[in-house]
Amino acid sequence: MTEERPFLAWRPVSAVAGLTGLLLLLTIDRYDYHRDELYFRMVGAHPKWGYVDQPPFTPLMVRGCIELFGDTVWAIRIPGLFFLAGAAFLLALIARELGGRVVAQTLAATGTLTTFPLVAGHITITAAPDLVMWLLVILCLLRALLRDRPRYFLLAGLVAGIALYNKHLVILLLLTFAAGLLIAGPRRVLASKWLWAGAAIAVVVGLPNLLYQIANDFPQVHMANALAENKGDDARITLLPLQLLWLGPFFVPIWGAGIVALLRRPEWRAVRAFAVAYPLMLLLLFVIAGQPYYSFGLLAALFAIGAVPAERWLAGGGSRRWLLGAAVIVNCGVAIVSSLPVLPIDVVGRTPVPAMNQGIADEIGWPRYVAQVKAVYDALPPGDQAHAVLLTGNYGEAGALDRYGAPLGLPAVYSGQNELWYLGPPPESATVVVLVSQSDPARRGAFGSCVEKARLDNGYGVDNEEQTARVYVCRDRTGTWAELWPRFQHFD
């Protein structure tokens, strides 16, 4: 058991949380939607217990924001401000749990001013809610073990069950933590009735989600297999480098200090399992070809723990405070510029930012892309326009055409990617297709003719998934839409 917890450093931690929220607010609609946001906007309009590629929380949250605040970029990004501010306090509380005082808690809170949290807070994706839920589970586990208050296992189970409605990734945390207990102890915890009661709560709370998966032939298993096949090699190659880049070079030693301290300090023996859980999680992600960001919740918690020995190091005086202060400013400054849309949009394409952060690239060009598709549609004879639909290769293009196309008079849009496939097929009256695709439409054999009419260009020199995509006009279907639609389905 550790010494008595210090007071929570409300003022400095609130300042860090406020600064994080202010940065997100100032950049909330500086560019445009991210491709995932456009996707969530579409599928969230069709409420379900779950979707083929994820549970329902984030799509339905996006839909709720649209209903409350309007169909705008800033409306759906409001939750990110609160998630990241909450994450700052949770990181501070984790440091406090290990005995961290004002400096340690403040330093831990600055973990939200690193690359991945800023990206996750700026763009409405599943990562920000997941970060908060992971940190809350970890905080509960720390309190259960360090304070000998096993009832916190019940709260950890409740939060884990709720987290399953956003992503199933919390299962990775629970599995690797349990393995860490088995390896590093205390093993007696594995026999605790409170721990198993917490696990039962997680199962009961998440049961509707599990039943949806069973009833629909485990769609997210198929999705995970598709991701592993399409992106697995890249995920394995970038797994370790991205762990370091997301924190930034000056925060890596603090994170490392957290792991070392967990393994060496006798007073932290009860929570040593977290230091073991992290390499186990990386190994598991490598085996299953999981995405590198899946581990970030635990990575951030270890950084917060590392702030405690960093605080004691600073007590050595001399130039150490100035050195750490400069490192924090530089680290956070680089993260802000590379993670948020702070650069002018007509300049960003001439910088390394889009290559460093795909999220920035995926916010650029949507209205221009839609205008270029509209030009192809407008060139059709009136008779063809009356029987035309839009068909896209990916959900970003579909989401942009759905958001910006209707006010311009464009017809309905369809896509075979992920959940959007289930919103099709197009009506049998659709005999003309304006197709947006990076691949050759002849491969599907669905049309007798496809003529290229344009290539998408965002005009900013930013390379993203839509840049140089072809726009075709396709005619002479080779079968009914019901027969052809399975050819367009793809998960990635």
Report all side-chain donor-acceptor pairs from residues 285-302 shorter than 3.5 Å, counting only partners two or more places apart or in another chain.
from	atom 1	to	atom 2	distance (Å)
S295	OG	Q243	OE1	2.7
S295	OG	Q243	NE2	3.2
S295	OG	P292	O	3.2

Please output the side-chain donor-acceptor pairs of residues 316-336 that fall under 3.5 Å, not counting sequence neighbours, one pair per line with the distance.
from	atom 1	to	atom 2	distance (Å)
R320	NH1	W313	O	2.6
N331	OD1	F250	N	3.0
N331	ND2	L247	O	2.7

Only distances under 3.5 Å count here; give the side-chain donor-acceptor pairs of residues 55-69 to other protein atoms, sequence neighbours excluded, each with its distance to 0.1 Å.
from	atom 1	to	atom 2	distance (Å)
T58	OG1	N166	OD1	2.7
R63	NE	E67	OE2	3.2
R63	NH2	E67	OE2	2.8

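Residues D53 and Y39 have side chains that bring a donor and an acceptor to within less than 3.5 angstrom of each other. Side-chain contact check for H46 and E419: no donor-acceptor pair (N or O, by modelled atom type) lies under 3.5 Å.
One distance of note links OH of Y31 with CD1 of I360; it measures 5.5 Å at 0.5 Å rounding. The distance from the CZ atom of F488 to the OG1 atom of T392 is 11.0 Å, given to the nearest 0.5 Å. Remark: T124 OG1 to D36 CG distance equals 10.0 Å, nearest 0.5 Å. Rounded to the nearest 0.5 Å, atoms CG (L131) and OG1 (T126) are 11.0 Å apart. Atoms CZ and CD1, from F303 and I94 in turn, are 11.5 Å apart once rounded to the nearest 0.5 Å. We find the OH-CG distance between Y414 and L420 to be 12.0 Å, quoted to the nearest 0.5 Å.
Take F491 and apply the ring-ring contact (aromatic ring centres under 6.0 Å, His included) test, not counting sequence neighbours, and it matches no residue. For the side chain to side chain donor-acceptor pair (under 3.5 Å) test, no residue two or more places apart in sequence or in another chain qualifies with Y212. In this structure, the side-chain contact (heavy atoms from CB on, under 4.5 Å) partners of D29, at least two apart in sequence or on a different chain, are V73, W74. Listed by chain and residue number, D71 satisfy the salt bridge (charged side-chain N to carboxylate O under 4.0 Å, His left out) test with R403 (two or more places apart in sequence, or in another chain). With sequence neighbours excluded, the residues satisfying side chain to side chain donor-acceptor pair (under 3.5 Å) with E466 are R35, N394. Annotation: ring-ring contact (aromatic ring centres under 6.0 Å, His included) contacts of Y51 (sequence neighbours excluded): none. Partners of W134 according to the ring-ring contact (aromatic ring centres under 6.0 Å, His included) rule, which considers only residues two or more places apart in sequence or in another chain, do not exist here.
Here the side chains of P249 and L244 are not in contact, with every heavy-atom distance at 4.5 Å or above. Side-chain contact between P426 and W485: present, with at least one pair of heavy atoms (C-beta onward) separated by less than 4.5 Å. Counting only heavy atoms from C-beta outward, the side chains of I28 and L81 approach each other to under 4.5 Å. Within the 4.5 Å cutoff, the side chain of L23 has heavy atoms near those of the L113 side chain. Between L262 and V276 there is no side-chain heavy-atom pair separated by less than 4.5 Å. Looking only at side-chain heavy atoms (C-beta outward), L139 and L90 come within less than 4.5 Å of each other. No side-chain heavy atom of V271 sits under 4.5 Å from any side-chain heavy atom of I305. Between V204 and L207, every side-chain heavy-atom pair lies at or beyond the 4.5 Å cut-off.
For D402 against M42, the heavy-atom pair with the smallest separation is OD2-CG, 3.7 Å. The shortest non-hydrogen separation linking A88 to A109 is O-CB, 3.6 Å. Scanning both residues, V103 and E311, for their nearest heavy atoms gives N-OE2, 3.1 Å. The shortest heavy-atom contact between V353 and S338 is CG1-O, 4.0 Å. Contact between Q105 and G100 at its shortest, heavy atoms only, is NE2-O, 2.9 Å. The minimum heavy-atom distance between V205 and I162, with the atom names listed, is CG1-N, 3.8 Å.
Environment of CZ in R264: sparse, with no more than 12 heavy atoms of neighbouring residues, nucleotides or ligands closer than 6.0 Å. Few gaps surround CZ on R236; more than 12 heavy atoms of other groups in view lie less than 6.0 Å from it. Crowding of Q438 atom CD: a count of heavy atoms from other residues, nucleotides or ligands under 6.0 Å exceeding 12. Shown here is K231, whose NZ atom has no more than 12 heavy atoms of other residues, nucleotides or ligands within 6.0 Å.
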- Starting from the C-alpha separation in whole Å, work towards a yes-or-no answer on ring-ring contact (aromatic ring centres under 6.0 Å, His included) for W10 and F89. CA-CA 9 Å; W10 282 101; F89 275 98; 5.7 Å; yes
- Going through the distances and angles, do L93 and R143 end up as a side-chain contact (heavy atoms from CB on, under 4.5 Å)? CA-CA 10 Å; L93 287 169; R143 288 189 173 178; 4.3 Å; yes
- Message: Using the rule given for side-chain contact (heavy atoms from CB on, under 4.5 Å), can you reason through D492 versus Y395, listing the C-alpha separation, both sets of side-chain angles and the distance that settles it, and then say yes or no?
- Response: CA-CA 10 Å; D492 51 52; Y395 60 67; 5.9 Å; no
- Message: Using side-chain contact (heavy atoms from CB on, under 4.5 Å), reason through I76 and R41 one step at a time and then give a plain yes or no.
- Response: CA-CA 9 Å; I76 67 175; R41 180 187 169 276; 5.8 Å; no
- Checking side-chain contact (heavy atoms from CB on, under 4.5 Å) for the pair L146/L98: CA distance, chi angles, key distance, verdict? CA-CA 8 Å; L146 284 171; L98 277 299; 3.9 Å; yes
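Here R77 pairs with E37 in a salt bridge; the nearest charged N to carboxylate O distance falls below 4.0 Å.
Checked by atom type and distance alone, the side chain of R272 never pairs as donor or acceptor with a backbone atom of A184 at under 3.5 Å. Judged by distance alone, with hydrogens and angles left aside, the side-chain atoms of H490 form a donor-acceptor pair with the main-chain N or O of G393 at under 3.5 Å. Side chain of N464 to main chain of A361: a donor-acceptor pair is present (N/O by atom type, distance under 3.5 Å, no hydrogens or angles).
Applying the ring-ring contact (aromatic ring centres under 6.0 Å, His included) definition to pairs two or more places apart or across chains, those involving residues 164-201 are F177-F274. Listed by first and then second residue, the salt bridge (Lys or Arg N to Asp or Glu O under 4.0 Å) pairs involving residues 187-210 amount to none (not counting sequence neighbours).
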